[in-house]
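Following: one structure in structure tokens, then a few remarks.
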Amino acid sequence: MRYQNITSAVFVNVRPYWHRKKHVLFVLADAGLARYLGRKPDPAKVVSYPYGLYTALGFGYCRVVTKRGMGPFASVSARGATFRQRSLNPIFTPEQAEYAIFDARVFLSLGFKF
């Protein structure tokens with residue numbers, strides 16, 4: 001079976017803003033659920049990822065330069081992914097093993113808000 005890179009997902013994105021004259025503060029909050037349909041076969045191990053949970057939380061600042069609210073911004077966010085890994089390795093364990101894995105990263109974003 002070939003590895004299929006297909007992921008179906010549902011997510012929620014919340015971004016409240018607070019305006020203070022020419023300053024804008026905002027919060028980034030994301031949550032999502034992904035269903036991984038693919039399997040990655042290996043001669044020694046069969047691995048599948050049935051589903052995962054995505055979360056992100058951060059904050060940012062924007063300086064308004066134009067009348068239409070455009071300007072440079074910077075934001076910092078921490079994003080994490082939690083997923084289950086099912087694996088079968090007949091050499092070491094004759095049974096199926098299941099692991100919960102958490103992966104987190106911190107992002108710094110710089111840009112221009114249009």
Spacing of OG1 belonging to Thr66 relative to CZ belonging to Phe114, to within rounding of 0.5 Å: 10.0 Å
Report the distance from atom CZ of Arg63 to atom NE2 of His23, rounding to the nearest 0.5 Å. 5.0 Å
Which atom pair, heavy atoms only, marks the closest approach of Gly71 to Val65? CA-CG2, 4.0 Å
Less than 4.5 Å apart, any side-chain heavy atom of Ser75 and any of Leu28? yes
Among Phe59, Tyr61, Phe26, whose ring-ring contact (aromatic ring centres under 6.0 Å, His included) with Tyr17 holds? Phe26
How close do Leu33 and Gly52 get, counting heavy atoms only, and between which atoms? CD1-O, 3.2 Å
Taking all heavy atoms of Asp30 and all of Val14, pick out the closest pair and write down the distance. OD1-N, 4.2 Å
How close do Lys113 and Phe73 get, counting heavy atoms only, and between which atoms? N-CD2, 3.8 Å
Heavy-atom count around Phe11 CZ within 6.0 Å, excluding the residue itself: above 12? no
Side chains of Arg15 and Asn13: does their closest heavy-atom pair fall under 4.5 Å? yes
